Amino acid sequence: MNHNYDNRRGRRGRGGRRFGDAAPRWDGESGYGGGEESSGWRKEQGFGGAQRARGKHPAHLKGREIGLWYAKRGGIKRSEEDRRSRAVVQMDEKREQHITRLLHSVQRDAHPSTSQSWRRVKEEPMGHSYFDGDEPPKSQIDVKVPKMESESENEYEELPREDQDKRDLEYLLQDLMRIPSLDEELVKDQQKKINSSRYLEMLRFRENLPSYKMREELVRLISAHQVLVISGETGCGKTTQVTQFILDDFIQRGMGSLCRVVCTQPRRISAISVAERVAAERAESVGEGKSCGYQIRLQSRLPRKQGSVLYCTTGIILQWLHSDPLLSSISHLVLDEIHERSLQSDVLLTIVKDLLSARRDLKVILMSATLNAEKFSNYFNRCPMVCIPGYTYPVKEFLLEDVLELIRFQPHHQDRRPRYRRRFGDGRSLQPEKEMREAEYQESWSCFTRKLRDGYSDRTIETLEMMNDEEKINLELIVALIQHIVLKEEDGAILVFLPGWANISSLNDLLMAEQMFKSDRFVIFPLHSLMPTVSQTQVFKKPPAGVRKIVIATNIAETSITIDDVVFVIDGGKIKETHFDTQNNIRTMTEEWVSLANAKQRKGRAGRVSPGKCYHLYNGLRASLLESYQLPEIQRTPLEELCLQIQVLKLGPIASFLQKTLDPPSEKTIELAIEHLVDLNAMDRYEKLTPLGFLLARMPVEPHIGKMILFGALLGCLDPVLVIAASLSFKDPFFIPLGKEKIADQKRKMFSQSSRSDHLSVVNAFWGWEDAKRQGERCERDYCWENFLSSSTLQMIQNMKGQFAEHLLNAGFVNSKDPKDPSSNINSENEKLIKAVIVAGLYPKVAKICPSFKKRPGPVKVYTKADGKIFLYDCTEVSPFSLLFFGGEVTIEKDQDQETIAVDKWIVFQSPGRIAHLVKDLKKELDALLEEKIKRPQPVDWKNRQSKDCAVISAIIDLITTQESPAGHSWRDSRERWHSTE
DNA sequence: GAGCACTGC
């Protein structure tokens with residue numbers, strides 16, 4: 001396929017590159033056509049050879065049509081080539097005989113009454129069901145229900161309930177009962193505090209906070225209304241004070257035991273740091289028996305049950321709902337930072353809204369930035385709203401024209417080539433609304449510059465004209481601006497916001513190229529989630545007098561990381577944003593203009609210690625056209641996991657629940673999520689959860705990852721699979737230091753050994769870390785440092801593994817909560833089997849490696865079912881058998897003279913009919929077995945070699961393990977596929 | 001030839 005046909009410039013994954021050297025050399029062109037023609041490739045194959053003529057396109061074609069013509073020709077050529085180069089699925093005679101015998105015995109052994117009476121439940125209207133035994137299973141584990149059993153609503157729910165952590169559950173479910181002795185104790189305690197110097201000192205500070213001055217009004221409003229919206233900017237103290245006002249009021253009134261305030265935070269770090277701050281203000285420490293504590297995933301310091309304040313992450317409350325749907329142990333629920341519109345807070349808002357009538361006594365306090373507080377009030381039936389004035393230093397703002405006027409900037413490269421407004425073949429990349437906005441921008445431009453002439457010099461207008469329409473952030477301008485600040489302005493750190501790695505790296509290079517910044521009067525910190533600087537304390541420290549700190553950051557510095565001594569903010573005006581493209585079922589990431597909310601937040605970063613200045617690098621016209629907010633996350637993300645949660649929490653039909661959210665996601669996204677959950681066999685078409693669905697809903701991971709975990713347990717390779725699952729659902733532990741990308745890459749490659757797998761590289765790195773850790777703290781530190789690994793990420797992965805294993809133990813799939821227990825790890829050294837489990841979890845995220853066009857080894861192209869040409873990361877090379885056994889539906893067909901076996905009619909292998917049928921039958925047995933295991937969970941008995949479980953699984957493991965990976969015909973599996981639509 | 005940011009009993 002022509003490189004230029006589809007002008008999407010995607011991101012190449014590390015995986016694709018990493019295998020580079022070892023990858024087979026390609027000198028031909030083959031592969032599966034994906035993307036636009038994906039649904040029709042079989043058809044195209046039909047008229048394959050006829051149109052293979054090389055040469056130019058017909059002369060009458062124009063523009064885009066030419067591209068399509070070549071693309072189509074490429075597709076035809078590929079499918080033809082493809083047919084000839086299919087991998088062969090075979091097995092030797094010995095194995096063939098063994099499996100034939102095995103299948104005979106298994107099929108004979110099967111209890112007739114079970115094997116005959118299983119049937120698929122297809123819920124026709126009125127729940128009518130019928131037998132369709134001959135239909136091939138649609139997915140790995142077909143849900144069947146014994147005929148004789150009742151088909152009541154609760155059928156699937158008679159699973160052994162997880163025996164949850166008893167202490168936490170007790171703690172959680174306890175309704176608030178008045179305890180007079182505690183009430184008294186709390187009053188006395190408070191009186192004592194008033195005489196404590198530490199408390200008084202803190203109190204003096206608190207009294208200066210704007211929120212403190214509104215204490216009485218806030219308490220009055222909260223007690224008078226069930227829901228209250230409190231708005232206020234950072235620094236007004238709402239997060240730390242409101243919870244205390246509520247608690248202290250209850251204590252004062254002698255009913256402290258009836259008060260349990262829970263306050264949600266969007267981030268782990270803020271939950272901890274706010275809790276610690278509040279504890280300090282109360283002259284206490286955080287945690288047990290005290291009045292303030294926190295709970296985040298895998299880490300908690302819980303306060304006393306009653307008469308206390310708990311700060312937790314939003315996800316914790318969502319998990320609580322599983323065991324306490326009414327939140328009956330809470331008296332006040334404070335939802336903080338809801339203006340950020342995270343998926344979780346939007347969902348919690350909807351749930352809480354429904355909860356209000358069932359919990360008349362529950363008080364709900366919503367805390368938001370002032371900009372959109374009204375929206376939340378409206379959502380809650382126009383509940384009262386109160387605004388707390390901000391308390392930060394004034395920050396003076398400059399727009400691009402001001403900056404140009406100020407520093408008399410003249411761009412070096414006067415690149416005035418006309419730019420493509422719309423790119424070839426890229427019609428869908430611009431949303432209609434955005435297109436209109438761009439049109440408006442173009443129309444208003446001359447009017448805008450005309451008006452500007454009053455207050456700005458001709459030179460500025462000229463430069464502005466010249467820079468108009470510049471797609472990239474002008475880094476030279478930023479360098480000049482930094483120089484201006486350094487020379488003309490007072491002391492204080494400079495914080496630059498840029499959208500991504502590439503920009504940060506280039507600006508860093510540009511600065512280092514200037515003589516001026518090489519001196520030790522400057523310290524420059526690039527800050528990006530993948531760079532080790534994020535975990536260094538250095539960046540927070542105030543530099544010695546006379547030294548200027550310059551931080552170049554992504555939006556990580558907007559909310560997650562706070563650098564106090566920043567006085568100057570340079571806002572590049574751009575942000576990278578993920579979207580979910582339902583058309584192509586793919587996540588995309590594009591660079592966009594910031595929203596007003598982003599700009600405001602960035603500006604706020606300059607006024608923490610003194611008055612500051614903020615330079616926005618977009619002009620006044622652009623500023624007037626910025627969106628108020630970024631699209632809420634619920635409209636930008638796939639919804640599988642959420643749909644599963646809605647069902648397990650019994651929140652009603654999925655679509656109608658989501659319709660109730662503040663800004664509902666599109667119907668298409670919902671349909672797609674349900675479709676995927678049905679494919680995964682987590683629910684049926686009527687949204688009813690299957691046994692697998694119930695299991696996955698309880699796991700604190702995305703459903704696909706949950707399935708991977710389950711298969712890891714059932715196939716006896718738990719430990720490595722848990723490492724992979726944890727790193728996929730949390731984050732990759734590798735750092736990439738700026739300027740050391742190559743070395744970082746080599747380290748990764750080293751860990752991959754010969755596995756040809758990013759996932760297994762992480763496992764190797766993790767195992768190495770465990771060894772180093774056993775040898776002591778120092779050794780651990782050195783190991784992480786030398787290998788560019790994040791110690792905290794590895795630690796989190798370890799903790800998450802424990803959590804997953806505990807779930808598996810509670811659900812009955814393993815014998816121990818130790819991920820390393822030998823009984824769960826019989827096959828943990830079996831690389832190929834682990835790869836098969838990866839397939840089980842990540843299917844259908846599969847791509848075929850295709851040859852490069854250049855006649856030299858190099859990056860290879862990949863093709864997937866969903867999209868023609870994309871970039872991958874986190875890849876693993878997998879074998880045909882693993883796809884056949886752990887991918888989708890298996891079909892056997894003849895393709896001209898060729899006998900084939902295919903997965904979901906898309907991944908096709910050559911295979912003699914005899915073998916193909918054997919494989920298909922064996923897979924059927926596997927599906928039945930896995931289904932049975934999930935319905936009646938118990939660990940696989942590996943000691944009893946004669947058991948049916950063991951025999952079938954062993955045969956499959958044997959096939960997977962002994963099969964050669966046919967290099968050059970290998971499939972890769974990827975976690976996510978990004979393409980950039982620019 | 002290239003990597004926004006968070007988060008879960």
Side-chain angles (χ1 to χ4, degrees), chain A residues 9-18 20 162 164-169 171-173 264-271 295-300 302 312-324 337 340-345 347 497-505 527-531 534 553-561 574-579 587-592 594 598 630 633 636-637 641-642 645 697-702 705-706 726 729-732 734-736 738 741-742 744-745 796 799-800 803-804 806-807 810 852 858-859 871 873-874 976 978 980:
Chain A
R9 224 171 301 142
R11 283 154 222 287
R12 288 204 61 256
R14 313 168 192 123
R17 184 184 64 254
R18 192 126 7 84
E162 277 176 61
Q164 285 151 341
D165 190 306
K166 287 224 173 70
R167 274 170 321 166
D168 269 13
L169 199 62
Y171 183 90
L172 197 70
L173 293 181
T264 65
Q265 292 293 312
R267 281 165 289 281
R268 294 163 61 88
I269 305 171
S270 43
Q295 184 176 357
I296 59 179
R297 184 184 196 173
L298 297 165
Q299 199 179 323
S300 66
L302 299 176
C312 65
T313 37
T314 317
I316 295 277
I317 296 286
L318 289 172
Q319 288 298 101
W320 279 22
L321 287 164
H322 287 241
S323 18
D324 182 7
E337 315 274 16
E340 288 186 14
R341 305 296 310 274
S342 74
L343 178 73
Q344 292 181 328
S345 80
V347 170
F497 284 102
L498 293 175
W501 181 285
N503 290 299
I504 293 176
S505 176
L527 210 60
H528 186 288
S529 65
L530 296 178
M531 294 176 190
V534 288
T554 61
N555 49 341
I556 196 169
E558 231 174 73
T559 47
S560 309
I561 289 180
K574 294 285 182 79
I575 194 165
K576 286 210 180 174
E577 231 175 37
T578 52
H579 281 269
R587 281 179 201 253
T588 62
M589 189 157 58
T590 52
E591 208 174 287
E592 309 282 352
V594 292
N598 294 124
Q630 281 181 277
E633 192 185 0
R636 294 193 285 123
T637 183
E641 204 181 345
L642 176 55
Q645 293 299 314
R698 284 180 219 282
M699 286 275 197
V701 284
E702 207 225 329
I705 308 288
S729 93
F730 182 53
K731 67 166 97 144
D732 182 302
F734 284 100
F735 276 136
I736 309 170
L738 194 60
E741 294 88 338
K742 285 238 162 67
D745 208 52
M796 186 70 180
N799 296 343
M800 286 169 73
Q803 189 184 23
F804 298 153
E806 219 167 308
H807 273 274
N810 292 333
S852 158
F871 296 118
Y873 68 87
D874 288 352
E976 255 343 335
W978 302 92
S980 142

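Remember, predicted model here, so these are calculated numbers, not experimental data. Chain A is the first sequence line, chain B the second, and so forth, proteins listed ahead of strands; every chain is numbered from 1.
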Show the nearest heavy-atom pair for residues A/Glu558 and A/Phe497, with the distance to one decimal.
N-CE2, 3.7 Å
Rounded to whole angstroms, how far apart are CZ on A/Arg587 and C1' on B/dC4?
13 Å
Closest non-hydrogen atoms of A/His807 and A/Pro700, given as atom of the first, atom of the second and distance, are NE2-CD, 3.5 Å
Heavy atoms under 4.0 Å, any strand shown: does A/Ile316 hit a base, just sugar-phosphate, or nothing?
sugar-phosphate
Report yes or no: does A/Glu633 contribute a side-chain atom to a donor-acceptor pair with the main-chain N or O of A/Leu343 at less than 3.5 Å?
yes
Nearest to the A/Pro700 side chain among B/dC4, B/dC9, B/dG1, which nucleotide is it?
B/dC9
Please check the phosphate of B/dA5 (OP1 and OP2 only) for any side-chain N or O of A/Thr554 closer than 4.0 Å.
yes
Let's see if you can work this out: which of B/dC6, B/dC9, B/dA2 has an atom nearest to the side-chain heavy atoms of A/Glu741?
B/dA2
Rounded distance (Å) that lies between atom C1' of B/dC4 and atom CZ of A/Arg341:
19 Å
Mark yes or no for whether A/Asn810, through its side chain, and A/Glu806, through its backbone, hold a donor-acceptor pair below 3.5 Å.
yes
Taking all atoms of both residues into account, what is the closest heavy-atom pair of A/Ser560 and A/Arg267, and its distance?
OG-CD, 3.9 Å
Taking the minimum atom-to-atom distance to the side chain of A/Trp501, which one of B/dC4, B/dC9, B/dT7 wins?
B/dC4
Nearest to side-chain heavy atoms of A/Lys742, which nucleotide of B/dA5, B/dT7, B/dG1
B/dG1
Nearest listed nucleotide, side chain of A/Gln803, among B/dA5, B/dC9, B/dC4:
B/dC9
Less than 4.0 angstrom between a side-chain N/O of A/Ser560 and OP1 or OP2 of B/dC6, yes or no?
yes
The nucleotide from B/dC6, B/dC9, B/dC4 with an atom nearest the side chain of A/Ile556 is B/dC6
Side chain of A/His528 only, heavy atoms from C-beta on: which candidate in B/dA5, B/dC6, B/dC9 is closest?
B/dA5
From the options B/dC4, B/dC9, B/dT7, select the nucleotide whose nearest atom is closest to the side chain of A/Thr313.
B/dT7
To the nearest Å, give me how far apart CE (A/Met796) and C1' (B/dT7) are.
9 Å
If you pin A/Arg268 and A/Leu527 to their nearest nucleotides in DNA chain B, which one's is more 5'?
A/Leu527
Atom CD of A/Glu633 to atom C1' of B/dC6: distance rounded to whole Å?
7 Å
Regarding A/Ser342, tell me which of base, sugar-phosphate or nothing describes its non-hydrogen contacts under 4.0 Å with the strands shown.
nothing
Donor-acceptor side-chain pairing of A/Arg636 and A/Gln630 below 3.5 angstrom:
no
Look at all strands and tell whether A/Leu343 reaches a base, only sugar-phosphate, or nothing, counting heavy atoms closer than 4.0 Å.
nothing
Please give, in whole Å, the distance from B/dC9 C1' to A/Arg698 CZ?
11 Å
A/Lys576 atom NZ is separated from B/dC6 atom C1', nearest whole Å, by 17 Å
How long is the line joining CD of A/Gln319 and C1' of B/dT7, in whole Å?
11 Å
Counting any heavy atom closer than 4.0 Å, what does A/Arg297 reach on the DNA or RNA strands: base, sugar-phosphate only, or nothing?
base
Does A/Gln344 have a side-chain nitrogen or oxygen under 4.0 Å from the phosphate oxygens OP1 or OP2 of B/dC6?
no
Without decimals, in angstroms, what is the distance between A/Glu337 CD and B/dT7 P?
13 Å
Check the phosphate of B/dC9 against A/His807, side-chain N and O only, distance under 4.0 Å to OP1 or OP2. Yes or no?
no
